[in-house]
Structure formats: structure tokens, C-alpha cells
**Student:** 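Sharing a structure, written as C-alpha cells. Questions coming.
Treat the numbers as computed from the prediction; the structure is a model and nothing was measured. Just so it is clear: chains get the letters A, B, ... in the order the sequence lines come, proteins before strands, and each one is counted from 1.
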Amino acid sequence: MTKPHFYITTAISYVNAAPHIGHAYEAIGADVMARFKRLDGYDVYFLTGTDEHGQKVEKSAQAQGKKPQQFADEIAALFEGMCKSFDVSNDQFIRTTADFHKKACQHIWKKMEENGDIYLHTYAGWYSMRDEAFYGEDELTTLPDGKKISTESKTPVEWVEEESYFFKLSAYTDRLLKLYEDQPEFMQPSFRRNEVVSFVKQGLKDLSISRTTFDWGVPVPGNPKHIMYVWVDALTNYISALGYPDGENFKKYWPCDVHLIGKDIIRFHAIYWPAFLMSAGLPLPKRVFGHGFLLTAGEKMSKSLGNVIAPRDMIDKYGVDASRYALMREATFGQDGDISYPLMTARINAELANNLGNLVQRTLSMINKNCDAKVPQPGILEDADKDLLQKAGQAMLIAVRGEFEKMQFSRAIEEFISVSHAANMYIDEQAPWTLKKTDPARMATVLYVLAEVIRNLGLIIQPFVPNAAQKIMDQVAVPAHERDFSFIGEAHALKAGTPLPAPAGVFPRIVDEVVAKTA
RNA sequence: GCCAGGGUAGCUCAGUGGUAGAGCAGGGGACUCAUAAGCCCUUGGUCGGGAGUUCAACUCUCCCCCCUGGCACCA
């Protein structure tokens, strides 16, 4: 039986600056999805990486007296390190300076050219070196000294006439509209789709896709004076990583199931990318999901406001699992989300430590003390037992899966936390500490049911908190090969008598430093 | 300016033409297996403002205010 394929990508990160929490957020979101799909029986390929070309990188390198490649190597290492530090399980980390990637870019370029979609023309206009962008007259402000600057970015512009290759994006307006029509789930969340549609309906202009003002990039085939402009280069990573045009992985995993990206680059993925692919005669990705940004107190994080949450600080404070959990929990995926240490600490303590962690701890410690440190022998199950087991079994998996299909990670968490809450209610109702004296056999049944619920919870939480999940499953002696979602539910329930290791807490409470010391 | 989506308890949000909901936070209680955790109960909102339709609107219509996003080459 061959598994269905699932290919998921993040955007590639531009190596002009070091990674911040937003990069971690996207990588973790994709990782949570990738892990879920693997556990749910898919053959997953998960790609992330770095975008390393362009004038900004060239200039930043120069400013530091480095070669662009050396500079890119250093920053790319930071991004790759950040992914590792959050236990992001990507199958590949692509860098656009890799040789195979450049070849793939040139290949797709030729394909688009053969299709008659690329032509040489002169681009004339006001150009900002700093922004690497042309501006229209209406976007400029003339200073008292007669010089012009971009009104938006305040950067100086100069009149440039540059030969450039263009892509006939205008020819794809109708086909793109048809795509959004036929495949409504192509662009998500749905309000993004509407934005894209209304944008395309205005009509599309051809796209300048080469530059001659710098060298750091992929040369245009047949005319190396030209360097491919950012999007042909960057977007192609999604197929070059798979070995396009004829790699095995390309045949296996393309078209992509989800491109996970930030909301700022939706246009490139929902408009340019499918147009390029159509031109090159390639299948289109099934879905583009634009997530929101993380804010602090409703404001963008910025160094000047001093409200930056650095990836490494977060891990130092909470550890990897709780950090991943907090990021996926606080914001509704797709919308902007407010995060702050107080909010995240409260969430981690309430849900991971108090609710779920304590459930595991109190149950296993009772089993350890009162059941000879073995999976207890259950008797006849009562309705309360069956109800709880039912909630924690297939029903929970189905509910969580439903939220994953919509990439609603926060909702998925709510589903299993509510099961954990139900289990805590059950303990209090059953009061096994009383049964210990009055009805030891019934106590064993109750503890068995709880252990089994914990097994199921351990399975389902893996995408979010992979390390803690393993520890929990270790503590209820779930064999290593029984840890995917096919083992959720009663068919694979714990076997009575299995020896259990001594329990140890997995989700410690976070104690925030007391801010105000008594003066 | 134009287009879209929002403004519901301290916070994050769900919700329906017919007496306002959840989680967290706050308050109280019973218990004690457990990570001073868990469980139960509870305070709390004129559902952005105004007008209209209706037996009845938070839910429909209109006007206004405020917020967010989009409006082309901006990683």
C-alpha cells in the first residue's frame, strides 16, 4: 500500500537580516502540519530554506567587506540553526545559491521563453537603489533641492533606463481568474482569495523579470548581462528542491499541497507563481495559505519599541515544546496574532502544566504507588468510562484532523485540551483515592481508563510538542512503532500488566521572574 | 478615495429573528491523587453609535464613528 503524498513548503527567508520570531512562527506552522500528516499516514516532503540573491545581499556583504556568498552562508546558517533549535522537521533546506537551483531557474526560464511569454524591452522610470524598485511619479516627493525621493520609503530615486526581460503576465489574467473560480481553496484564508481576485480583475501588467544593475543572481540563459529578478529565482525553489525538471522527487511530490507563506507575499504566490507554472506547462500547487503576523500589544515588533521576542530568548524561557505550543496557540492561524510573554506564560501554565501535565502526573503517580507500577487491570467499563474513552479516541482524532485540514492549529489544540479537561473532571468524579479504600478493583479500572486516555493524548499532541509527547508515551510504555495516528482508539489500547517507568513531570509550570522587587 | 472584513464580558474569541455564550483572568466552595495544580459554583456585557422594518433584532435595512486588510513589481 503506497501512502498518499503531501508536499508542504514555507517561504524561503531572505538572508539580508537575521531570523526573527516571525520566521520561527512560519516554520513551526509548517512543521506542525508536516508532522500531523506524517503521523496521519502521508508520505510527507517538507521544504524550507533561504533566498540568497539580489542587490540587497550584494550590498550588505560589501558593507561588511565580505563576498556575497560568504555573507549568505553566514546568514543562511542562522536560519537553518533556528529551524533546528525549534525541532522543525524539514526534509530539505534549500538555498537559492545552490547550483542545482540555478540550473532549474534557467530551465523554467527557457520553458517560459519557448512558450513565447518572455520578451526584451526597455524599462524606464524612477528607480530606488535602496528599495530595488521603480516608482511612478505619483509615488514620489520632490525635495527643496530638486531631488526626488520615494514618498513611501523616503529613499532617493534616480531616472534609469534599463533593458529588461518581461514576462507576459497580462496574457494570464483570464486563466488566473478561472483558477480562482475552479479551485476556490487555492488561496486561503478566503478573504485573501477575494483580495487576489479583485486585484487580478483590474487587469495585469507584464512583469519585469530581469535586472542588469547587479550581478548577484542567476544569469538569464543566453544573455548573462541580465540577472533574473527576484521572483523567478525565488519561487522556483519549490520545484528545484525536488529536482525539477526530471528529478524523482519532482515526479513524486509535485504539485505542492500547501505553500505556507506570510500575508505580505501573497501576490507572488497566488498570481505570479501560477502564471509562471502555466507558462512552463507545469501543474499548479493545490493551495497557498497566507498566515498573519505576530504582534505585541497590537504593534509590530520593532527594536526601537523594545518589544521584540527573539527566538532564542523564547526557547531559553519556555523550552522548545512550550514555545512551539504558545506560538501555535495564541494566534488564529491566518490572522495577525498578539503575543507577549505574560500571555504565553499564562497559556502554557493553564493548559500544558495545570491541565494536561498535571493530569498525566496525578494519574501516573497513583498508578505507580497503587498498581505496582504496571498498567492496571480494568474491570467492566461503566458508562462514564466509555464516554471518556470515546471522547479521547477516534472522535478526538476526527475533530483535530478537521481543524488541520483548515490549518486551524489553535482550534486543533482546543480539541485535545477539552479532552484533557474531561479527564480531569472524570478523576474528580471517580475519586480513585477514595476507591483505593472502598473498591480497589474499581480504582484499577478508573486508572486504566485514564492511562489509556493519556496514551491517546500523547499521540495527538505530537505535532505541537514532539518531545514531551514522546516522554508521555514512554511513561505509559507505548512501543516506538505504535506512535502514529493509526494507533489512536481502543483497538490498540494499553495492555494490563505492562510495567511502567517511574513518572516524571513533562510540562513544568513557568514561573515568571517577579518584576517588582521590594525596594 | 475605492473595495473587503470587522467592532459581543478585564483578555482572546464563538454565536443566533424570540429571555446573551466559551476559555483565561477575578470571587466563593467542597475535596486532597497531583505541578499551591484539578473539580464545582459565581461576579461581569445597554452585543461600536443612531434611525428604521418586525409582535420581537445582538442577529435584517439605512446612516454615522472607529479598527484592520487590499488597491502591482514592496523578501
**Student:** Base, sugar-phosphate, or nothing for A:Asp206, non-hydrogen atoms under 4.0 angstrom?
**Tutor:**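 Contact class for A:Asp206: base.
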**Student:** Enumerate the protein-to-nucleotides 36-38 of chain B contacts in which both atoms are nitrogen or oxygen and the separation is below 3.5 Å.
**Tutor:**
| from | atom 1 | to | atom 2 | distance (Å) |
| --- | --- | --- | --- | --- |
| B:A37 | OP1 | A:Arg509 | NH2 | 3.4 |
| B:A37 | O3' | A:Asn354 | ND2 | 3.4 |
| B:A37 | O2' | A:Asn354 | O | 2.9 |
| B:A37 | O2' | A:Asn358 | ND2 | 3.4 |
| B:G38 | O2' | A:Arg362 | NH1 | 2.8 |
| B:G38 | O2' | A:Asp428 | OD1 | 3.3 |
| B:G38 | N2 | A:Asp428 | OD2 | 2.5 |
| B:G38 | N3 | A:Asp428 | OD2 | 3.4 |

**Student:** Return the value, rounded to whole Å, for the distance between atom CD of A:Glu414 and atom P of B:A22.
**Tutor:**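 For the pair A:Glu414 CD and B:A22 P, the rounded distance is 14 Å.
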**Student:** As a test of reading the structure: which of B:C73, B:G70, B:A75 is closest to the side chain of A:Arg192, going by heavy atoms?
**Tutor:** B:G70
**Student:** Rounded to whole angstrom units, what separation is found between the CZ atom of A:Phe191 and the C1' atom of B:U68?
**Tutor:** 10 Å
**Student:** Please report, rounded to the nearest Å, how far the C1' atom of B:U35 is from the CD1 atom of A:Ile472.
**Tutor:**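 Answer to the nearest Å: 13 Å.
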**Student:** Does the side chain of A:Glu52 come under 3.5 Å of the side chain of A:Thr97 through a donor N or O and an acceptor N or O?
**Tutor:** yes
**Student:** Measuring only the P atom in each nucleotide, how far is B:G28 from B:G17? A whole number of Å is fine.
**Tutor:**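 Those two atoms are separated by 40 Å.
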**Student:** Does NZ or CZ of A:Arg175 lie under 6.0 Å from the centre of the six-membered ring of A:Tyr172, at an angle within 45° of the ring axis?
**Tutor:**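 Verdict for A:Tyr172: a cation-pi partner in A:Arg175.
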**Student:** Within this structure, what is the CZ-to-P distance between A:Phe409 and B:C13, rounded to whole angstrom?
**Tutor:** 18 Å
**Student:** B:G69, B:C74, B:C11: which one has an atom nearest the side-chain heavy atoms of A:Phe268?
**Tutor:**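 Shortest atom-to-atom distance from the side chain points to B:C74.
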**Student:** Considering only the P atoms, how many Å lie between B:C40 and B:G23, rounded to the nearest integer?
**Tutor:**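 Approximately 9 Å lies between the P atom of B:C40 and that of B:G23.
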**Student:** Could you give the distance separating B:U19 and B:G69 at their C1' atoms, to the nearest angstrom?
**Tutor:**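 Those two atoms are separated by 37 Å.
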**Student:** Run the salt-bridge test on A:Asp73 and A:Arg95 with the 4.0 Å N-O cut-off and return the result as yes or no.
**Tutor:**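 Salt bridge present between A:Asp73 and A:Arg95.
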**Student:** More than 12 heavy atoms of other residues, nucleotides or ligands under 6.0 Å from NZ of A:Lys66: is that the case?
**Tutor:**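 Yes, NZ of A:Lys66 has more than 12 neighbouring heavy atoms, counting only those of other groups under 6.0 Å.
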**Student:** Sticking with atom C1', work out how far B:C24 lies from B:U61, rounded to a whole angstrom.
**Tutor:**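 It works out to 37 Å between them.
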**Student:** Determine the Euclidean distance between corresponding C1' atoms of B:G70 and B:C64; express it in Å to zero decimal places.
**Tutor:**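 The same atom, C1', in both gives a distance of 24 Å.
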**Student:** Taking only the C1' atom of each, what is the distance from B:C67 to B:G48 in whole angstrom?
**Tutor:**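 To the nearest whole Å, 11 Å.
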**Student:** Can you tell me how far P in B:A20 sits from the matching atom in B:A9, rounded to whole Å?
**Tutor:** 15 Å
**Student:** Do A:Arg324's NZ or CZ and the ring of A:Phe464 fall within the cation-pi criteria of under 6.0 Å and 45°?
**Tutor:**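 No, A:Arg324 does not sit over the ring of A:Phe464.
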**Student:** Quick check: does any side chain N or O of A:His101 sit under 3.5 Å from a backbone N or O of A:Asp233, one acting as donor and the other as acceptor?
**Tutor:**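 Such a contact is found between A:His101 side chain and A:Asp233 backbone.
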**Student:** Nearest whole Å is fine: how far is B:C3 C1' from A:Arg193 CZ?
**Tutor:**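 Distance, rounded to whole Å: 15 Å.
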**Student:** Would you mind reading off the distance between A:Gln202 atom CD and B:G70 atom C1', rounded to a whole angstrom?
**Tutor:** 9 Å
**Student:** Counting only N and O atoms by type, is there a donor-acceptor contact under 3.5 Å from the side chain of A:Asn349 to the main-chain atoms of A:Arg509?
**Tutor:** no
**Student:** Under 4.0 angstrom, heavy atoms only, what part of the nucleic acid is A:Gly203 near: base, sugar-phosphate, or nothing?
**Tutor:** base
**Student:** Does a side-chain N or O from A:Tyr229 land closer than 4.0 Å to OP1 or OP2 of B:C74, or not?
**Tutor:**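 Answer yes for this pair, as a side-chain N or O of A:Tyr229 is under 4.0 Å from OP1 or OP2.
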**Student:** Could you check whether A:His23 gets within reach of a base, just the sugar-phosphate, or nothing at all, counting any heavy atom under 4.0 Å?
**Tutor:**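 The residue A:His23 makes base contact.
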**Student:** Would you mind reading off the distance between A:Lys201 atom NZ and B:A72 atom C1', rounded to a whole angstrom?
**Tutor:**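 Going from A:Lys201 (NZ) to B:A72 (C1'), I get 18 Å.
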**Student:** Rounded to whole angstrom units, what separation is found between the CZ atom of A:Phe199 and the P atom of B:A72?
**Tutor:**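 Distance check: A:Phe199 CZ to B:A72 P gives 6 Å.
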**Student:** Of the nucleotides B:A75, B:A72, B:G70, which has the atom closest to the A:Lys205 side chain?
**Tutor:**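 Of the candidates, B:A72 comes closest.
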**Student:** Between A:Ser208 and A:Phe166 (side chain of the first, backbone of the second, donor and acceptor by atom type, cut-off under 3.5 Å), is there such a pair?
**Tutor:**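 The answer is no, because no donor-acceptor pair under 3.5 Å joins these two groups.
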**Student:** Using a heavy-atom cut-off of 4.0 Å across all strands, would you classify A:Leu204 as base, sugar-phosphate, or nothing?
**Tutor:**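 Result for A:Leu204 = base.
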**Student:** One thing to verify: whether A:Lys471 and A:Asp321 come together as a salt bridge, which I'm taking to mean a side-chain N less than 4.0 angstrom from a carboxylate O.
**Tutor:** no
**Student:** Determine the interatomic distance between C1' on B:U54 and the same-named atom on B:G26; round to the nearest Å.
**Tutor:**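 Result for the C1' pair: 40 Å, nearest Å.
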**Student:** May I ask you to check whether over 12 heavy atoms, not counting those of A:Lys436, lie within 6.0 Å of atom NZ?
**Tutor:** no
**Student:** Considering every strand and a 4.0 Å limit on heavy-atom distances, what is the contact class for A:Arg411: base, sugar-phosphate, or nothing?
**Tutor:**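 A:Arg411: backbone/sugar contact only, no base atoms under 4.0 Å.
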**Student:** Of the nucleotides B:C31, B:U35, B:G23, which has the atom closest to the A:Trp433 side chain?
**Tutor:** B:C31
**Student:** How long is the span from the OG atom in A:Ser410 to the CD atom in A:Glu330, to the nearest 0.5 Å?
**Tutor:** 7.5 Å
**Student:** My validator wants the stems of RNA chain B: runs of 3 or more consecutive Watson-Crick or G-U pairs, both distances under 3.5 Å, written as range with range.
**Tutor:** B:1-7 with B:65-71, B:10-13 with B:21-24, B:26-29 with B:39-42, B:48-52 with B:60-64
**Student:** Which is true for A:Lys369 with a 4.0 Å heavy-atom rule: it touches a base, it touches only sugar-phosphate, or it touches nothing?
**Tutor:**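 Contact class for A:Lys369: sugar-phosphate only.
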**Student:** Applying a 4.0 Å non-hydrogen cut-off, can you work out what A:Ser365 is touching in the nucleic acid: base, sugar-phosphate, or nothing?
**Tutor:** sugar-phosphate
